[in-house]
Amino acid sequence: MSVALTKGGNVSLNRQAPGVRSVRVCLGWTAGPGYDLDASALLCGASGKVLTDQHFVFFNNLQSPDGAVRHLGADGGGGEGEDRERIEVRLADVSADVQKVVFAVAIYDAAQRRQTFGQVRGAYVRLTDADGGAEVARYDVTPETGSETAMVFGELYRNGADWKFRAIGQGYASGLAGIATDFGVDVLQPAPAAPSAPVSAPAPLPPMPAAAPAAVVPAVPKTQPATGSSPVTCFFDPTHGVGSAVVLWQPQWGVPRQVETCAACAQRVQTTVPPFYTPPQAGYPQQQVQPHVPAQQQDQGGRRFGTGAMLGAGAAGLVGGMLLNEALSDDEPRVVVNNYYEDDDDSFF
């Protein structure tokens, strides 16, 4: 008989399914057209972090190094009420230094597509006996805010000689990259910005280095993208190929933001003092600042403006900005996903 778990609840496999040797973690959900969700497993040691990057099992790494955890991929055609993806765990073959296996689901390319778990319905995770097919436990996952782009559904963890399964339901607004970072997967991080000295003109770009190995996850495009989707190309030049790395780009105008680039462009962003200037490209016009004329005294014809004109334009811009900010402000509180882990409580079973 299957056990219905609530958030934080756990079940002992020795008690609920004595003699079970292999289990399948079945994950399901219902989402609208254009949504592409992916399940993954993280094999963690006593520190709570993955042992190595290869112990992160997902669509580009379908098996753990010991072969005990295998991603079986999509299953059953994806209709409502059917398992979408399954991950098999052979309990006896799991390495002794693995203390838990965490199961997560993330929306692929969620930020670019502006998708969240707020539009995902009927999410669940269920644990079954891989040999007999009997269901051992089930947890119906409910997002807390609706702004989550990735969620940890549950985990298998050692309890002495026993294995237990716990319902987690922890949401992340930062997607699969946030989960990977929390569990110690090596995700490409932007280099800290060096102090910039005043310059009269942008420094020339360094020579393009040889392509470096791509990060293990979340920015790596799928080997076989889902129907209707296409790989993201390099932000700076689509001819460079897929955007295999996520970096923090500081443009000449505007605030810093994350972009997906090829490995070579990622290296250039990390080794160039901000702001990062890109060479002119067809279809991507960029305003050029004349080095001998201060930027605040230029117009498109290169004319200089007097001090009075500059002060007048600045005051008008300030008043206009205040009025526009007042018109667009909604004064509503921002919702922040609380990444909270329940403490291990073995009192449930």
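The figures that follow rest on heavy atoms only: side chains count, while hydrogens, waters and symmetry mates do not.
- Relative orientation of the F103 and F165 rings is tilted, given thresholds of 30° and 60° on the angle between their planes.
- Atom-to-atom distance recorded for D182:CG and C44:SG is 10.5 Å, nearest 0.5 angstrom.
- Considering T142, D140, D83 in turn, D83 is the only one that fulfils the side chain to side chain donor-acceptor pair (under 3.5 Å) rule with Y124.
- Listed by chain and residue number, D66 satisfy the side chain to side chain donor-acceptor pair (under 3.5 Å) test with S64 (two or more places apart in sequence, or in another chain).
- The two residues A137 and L5 have their closest heavy-atom pair at CB-CD1, 4.1 Å.
- Considering only heavy atoms from C-beta on, Y172 stays 4.5 Å or farther from T181 through its side chain.
- Side-chain contact between V105 and M151: absent, with no pair of heavy atoms (C-beta onward) separated by less than 4.5 Å.
- D53 has its side chain out of reach of N61: every pair of non-hydrogen atoms, C-beta onward, lies at least 4.5 Å apart.
- At least one side-chain heavy atom of R126 sits less than 4.5 Å from a side-chain heavy atom of R86.
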Quick one, W163 with V94, criterion side chain to side chain contact (heavy atoms under 4.5 Å, CB included). Give me CA distance, side-chain angles, the key distance, then yes/no. CA-CA 11 Å; W163 281 92; V94 177; 4.1 Å; yes
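- Under the 3.5 Å distance criterion, the side-chain polar atoms of E85 are matched with a main-chain donor or acceptor of A39.
- With respect to the salt-bridge test (charged N to carboxylate O, under 4.0 angstrom), the residues R15 and D162 do not qualify.
- Residue I87 holds its CD1 atom at 12.0 Å from CZ of R24, rounded to the nearest 0.5 Å.
- For the pair L43 and L51, the minimum side-chain heavy-atom distance is 4.5 Å or more.
- When all heavy atoms are compared, the tightest approach of A41 to V101 is CB-CG1, 4.0 Å.
- In terms of the side-chain contact (heavy atoms from CB on, under 4.5 Å) criterion, residue partners of L62 (sequence neighbours excluded) are, by chain and number, H71.
- When all heavy atoms of P18 and Q16 are compared, the pair lying nearest together is CD-C, 3.6 Å.
- Considering only heavy atoms from C-beta on, H240 comes within 4.5 Å of C265 through its side chain.
- You'll find the side chain of I179 stays beyond 4.5 Å of the side chain of V102, heavy atoms only.
- Remark: the backbone N or O of I107 is not paired with any side-chain donor or acceptor of T149 at under 3.5 angstrom.
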Would you check, one step at a time, whether the test side chain to side chain contact (heavy atoms under 4.5 Å, CB included) holds for Q115 with Y108? CA-CA 9 Å; Q115 298 172 346; Y108 183 72; over 6 Å; no
When you look at Y35 and W29, which way does the side chain to side chain contact (heavy atoms under 4.5 Å, CB included) test go after all the steps? CA-CA 11 Å; Y35 273 73; W29 54 81; over 6 Å; no
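- C26 approaches T128 most closely through the heavy-atom pair SG-OG1, 4.0 Å.
- Smallest separation of non-hydrogen atoms from V141 and G169: CG1-CA, 4.4 Å.
- From R121, atom CZ reaches atom CD of Q119 across 7.0 Å, with rounding to the nearest 0.5 Å.
- Shown are Q170, K100, K164; of these, the side-chain contact (heavy atoms from CB on, under 4.5 Å) with E155 is made only by K100.
- Not a single donor-acceptor pair under 3.5 Å links the side chain of S95 to the backbone N or O of D97.
- Nearest heavy-atom pair across A130 and E88 is CB-OE1, 4.1 Å.
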As a quick check of understanding, evaluate side chain to side chain contact (heavy atoms under 4.5 Å, CB included) for V136 and V20, giving each step before the final call. CA-CA 10 Å; V136 178; V20 65; 5.8 Å; no
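- Of the inter-residue distances, the one linking L156 atom CG with R166 atom CZ reads 10.5 Å to the nearest 0.5 angstrom.
- Of the residues V69, L127, V57, the one that meets the side-chain contact (heavy atoms from CB on, under 4.5 Å) test with V89 is V69.
- Considering only heavy atoms from C-beta on, L37 comes within 4.5 Å of F117 through its side chain.
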